[in-house]
Number of protein chains: 2
Amino acid sequence: MTVEEGRRPVLADVARVAGVSHQTVSRVVNGADHIRPATRDKVLAAIDELGYRPNTTARALVRGRSGIIGVVATAAVEFGTASIERTIELAASEAGFLATSVNLPELTPKAFARAAEHLRTLGVEAVVMVVGHDEALRLARAQTVGVPVVIAQGDLGEGAAGVGVDQVAGSRAATRHLLDLGHRAVVHVAGPLDWAEARARLEGWRATMHEAGLAAEDPLVGDWSSQSGYEAGLLLRDRPDVTGVVAANDQMALGVLRALHETGRRVPHDVSVVGFDDIPEAGYLLPPLTTVRQDFAAIGRRAVETVRHLVDGGSPEPAPLLVPELVVRESTAPPTRPRRTPA
Amino acid sequence: MTVEEGRRPVLADVARVAGVSHQTVSRVVNGADHIRPATRDKVLAAIDELGYRPNTTARALVRGRSGIIGVVATAAVEFGTASIERTIELAASEAGFLATSVNLPELTPKAFARAAEHLRTLGVEAVVMVVGHDEALRLARAQTVGVPVVIAQGDLGEGAAGVGVDQVAGSRAATRHLLDLGHRAVVHVAGPLDWAEARARLEGWRATMHEAGLAAEDPLVGDWSSQSGYEAGLLLRDRPDVTGVVAANDQMALGVLRALHETGRRVPHDVSVVGFDDIPEAGYLLPPLTTVRQDFAAIGRRAVETVRHLVDGGSPEPAPLLVPELVVRESTAPPTRPRRTPA
DNA sequence: ACCGTGAATGTTAGCGTTCACAATCGTCGC
DNA sequence: GCGACGATTGTGAACGCTAACATTCACGGT
């Protein structure tokens with residue numbers, strides 16, 4: 001609000017102007033007790049006059065805390081991951097942390113080692129993993145000794161800290177929806193099975209099918225990309241009985257949509273398709289995609305809360321799972337003429 | 001590589017082990033000249049033995065440089081923005097910087113003021129704007145006095161530093177493509193006109209149309225979202241003569257695709273559609289979308305290079321524009337029966 | 001009036017680095 | 001064979017802040 005006078009003012013400058021010791025200024029800035037109101041006002045006035053702003057670096061140094069949270073993600077830009085990162089950054093800054101991301105160009109131990117090295121030199125106080133990849137998670141816990149690792153999405157086995165999303169419930173809802181519509185031959189296009197989310201979604205589908213007394217075998221497996229969904233969709237050429245598809249994410253669902261179209265099957269007339277995530281485009285695909293919406297913002301927020309808790313010395317506490325929600329659009333409908341799965 | 005012994009080793013620890021002064025260790029770490037090879041080896045051995053890693057915070061403090069680059073983006077997750085951010089983070093870390101993003105939940109001066117305040121307390125050394133929004137850019141230059149502002153995408157008017165993408169050329173290529181196919185009535189679905197990219201793309205379309213002696217009036221204006229593209233597409237109901245659409249991004253193109261489908265016009269049989277950006281899903285839409293690909297990674301990389309240059313005291317230098325590339329897919333085809341625009 | 005007590009403020013040390021300035025050492029020229 | 005000069009290494013003081021430990025002051029109880 002005021003003129004710049006060459007260099008940035010420091011605590012001592014404020015102290016001089018306010019006629020108090022630098023320590024008193026520090027107390028005011030940090031909201032300590034036992035400050036006479038008159039003194040506080042003088043200091044605040046001086047701060048305002050000089051446009052003082054505490055030096056984060058110096059503070060970090062003396063406190064022995066960097067205030068940095070490392071976020072580990074894949075290099076591929078996916079809607080969910082990106083949303084979570086955004087929210088983490090926001091929540092972190094509100095909590096007085098600084099979030100920074102590091103990307104894994106590929107899911108190899110080497111790539112991860114590089115990332116971990118980077119996080120270490122940064123002196124991060126905690127790591128949030130937004131990749132649910134098993135090996136990456138394992139390495140994260142092994143290599144970032146000393147700092148808490150929080151898992152956003154993914155499997156929270158063995159007392160690991162993280163944000164749980166009930167992927168199984170989401171996948172169940174999707175499958176249930178198709179069964180309720182009357183479908184019987186419902187296949188699953190899974191994500192890579194070394195991702196916990198992929199396994200959970202597979203599991204939800206399988207369990208629901210079994211409970212309905214239906215076969216749930218040979219899921220098609222993709223890699224989260226539209227391309228892989230497309231390829232999986234083409235394989236359905238050999239499965240004319242199939243009338244329902246549950247894809248483990250929207251990108252793959254979108255690829256399936258295209259493959260079905262190319263192979264002459266109409267959606268939802270001949271085949272119904274459900275996705276997962278509810279990407280912003282989902283409602284504008286042809287046809288608009290029924291999908292399972294996840295609250296990515298909530299995941300990010302909770303991840304930061306957990307980080308806060310752990311950094312303050314807390315121990316991992318199980319939090320209630322976030323439950324994703326089915327969003328029904330036009331890509332699902334009752335089967336035109338019910339068929340039964342071949343014996 | 002070695003055991004942890006309670007606290008993190010510091011320069012002095014290494015010095016003691018190596019039997020030299022802390023300054024010598026500092027020199028080795030920073031690759032200074034005039035170190036006897038034998039000494040250097042001793043020091044390196046000690047570093048390795050202790051697993052020493054310089055403390056970024058202390059270094060930042062004494063150097064008077066935070067090493068932090070602030071990246072300003074909108075809160076909406078768009079493919080382009082997100083890709084650029086990823087690359088910036090990567091390039092920044094390679095250049096010894098730490099990138100962190102701050103998001104604008106809305107494009108208001110107030111939201112921006114908050115963001116700027118955050119960047120200021122962080123002590124960022126430079127700001128990279130990945131929003132091409134005029135007002136945001138103006139505020140960025142006004143409010144972050146002292147630190148260089150680099151614009152990734154967007155208008156680089158008046159000696160502003162940034163990464164130039166030849167949006168006009170991209171848009172021209174898209175329009176040209178449709179004209180070459182034989183289309184005459186080609187409309188544009190523009191982005192919000194307070195974004196420089198949107199204006200440039202509009203301009204490329206308009207100029208190309210004019211050069212071909214065709215009318216280029218009343219662009220439809222969206223807000224980058226699929227929703228707005230969809231709404232724009234519905235308006236085309238009243239324009240049966242239109243056989244070509246150039247959308248200012250892929251999301252809007254996707255919305256147009258859907259609107260055309262709903263209003264009974266086939267793509268590309270009745271209408272050809274071109275998008276902009278080449279989102280990963282573009283090739284799997286119905287039909288696969290012809291679009292203009294931007295090299296977002298290059299944008300991010302260049303942005304960081306520019307930051308480096310400016311932080312070292314350089315002055316903004318004009319760099320060659322990046323030229324986007326047309327990717328032809330199935331959403332464009334020659335018009336079935338050529339029409340002329342109504343008089 | 002004296003001391004204890006707690007509130008309010010000040011003083012002194014660092015935190016782990018780098019910078020600026022010595023100090024030391026060897027080697028070369030004459 | 002001595003001083004110079006450059007190469008090499010060391011010493012002390014910051015950087016801006018907070019933690020820990022004084023110190024000062026006012027006031028109530030005895």
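Naming: A, B, ... by sequence-line order, numbering from 1 per chain.
- In this structure, A:D33 reaches neither bases nor backbone, as no heavy-atom distance under 4.0 Å exists between it and the strands shown.
- Side-chain atoms of A:D48 never come within 3.5 Å of backbone atoms of A:L44 as a donor-acceptor pair (strictly under, hydrogens ignored).
- Note: CZ (B:R53) to C1' (C:dG16) measures 16 Å, nearest angstrom.
- When the P atom of D:dT8 is taken as reference, atom CZ of B:R27 falls 11 Å away, rounded to whole Å.
- Listed pair B:T39 / D:dT8 fails the phosphate criterion, with no side-chain N or O lying under 4.0 Å from OP1 or OP2.
- Nearest to the side chain of B:Y52, among C:dA8, C:dT17, D:dT18, sits C:dT17.
- When each of C:dC15, D:dG10, C:dG10 is scored by its nearest atom to the side-chain atoms of A:L61, the top-ranked nucleotide is C:dC15.
- Not one side-chain nitrogen or oxygen of A:S21 sits closer than 4.0 Å to the OP1 or OP2 atom of C:dT9.
- In this structure, CZ of A:R16 is placed 19 Å from P of C:dT9, rounded to the nearest angstrom.
- Counting heavy atoms from C-beta outward, B:I88 and B:V307 have side chains that stay 4.5 Å or more apart.
- Looking at A:R8, its side chain has no donor and acceptor atom pair within 3.5 Å of the base of D:dG16.
- B:T57 comes within 4.0 angstrom of nothing in the nucleic acid, heavy atoms only.
- Atom CG of A:N55 is separated from atom C1' of C:dC15 by 13 Å (rounded to the nearest Å).
- Taking side-chain N and O atoms only, B:T24 has no distance below 4.0 Å to OP1 or OP2 of D:dT8.
- The distance from atom CG of B:L50 to atom P of C:dG16 is 14 Å, rounded to the nearest whole Å.
- A:R59 has a side-chain polar atom (N or O) that falls below the 4.0 Å cut-off from OP1 or OP2 of D:dT18.
- Taking side-chain N and O atoms only, B:S26 has no distance below 4.0 Å to OP1 or OP2 of C:dT17.
- Phosphate contact (OP1/OP2 of D:dA7, side-chain N/O of B:R36, threshold under 4.0 Å): absent.
- For B:F79 and B:F296, the gap between ring centers is short of 6.0 Å.
- In this structure, the CZ atom of B:R65 is 23 Å from the P atom of D:dA14, given to the nearest Å.
- Of the residues near DNA chain D, B:H34 and A:A12, the one whose nearest nucleotide (by heavy atom distance) lies more toward the 5' end is B:H34.
- The side chain to side chain contact (heavy atoms under 4.5 Å, CB included) test with B:V43 singles out one residue from B:I35, B:V29, B:V25, B:V17, and that residue is B:V25.
- Side chain of B:R308 to main chain of B:A95: no donor-acceptor pair is present (N/O by atom type, distance under 3.5 Å, no hydrogens or angles).
- In the set D:dG16, D:dT8, C:dA8, the nucleotide with an atom closest to the side chain of A:V62 is D:dG16.
- When the C1' atom of D:dA19 is taken as reference, atom CD of A:Q23 falls 8 Å away, rounded to whole Å.
- Put simply, the side chain of A:V128 does not reach to within 4.5 Å of the side chain of A:V72, judged on heavy atoms.
- Put simply, NZ on B:K42 is 14 Å from P on D:dT8, counting in whole angstrom units.
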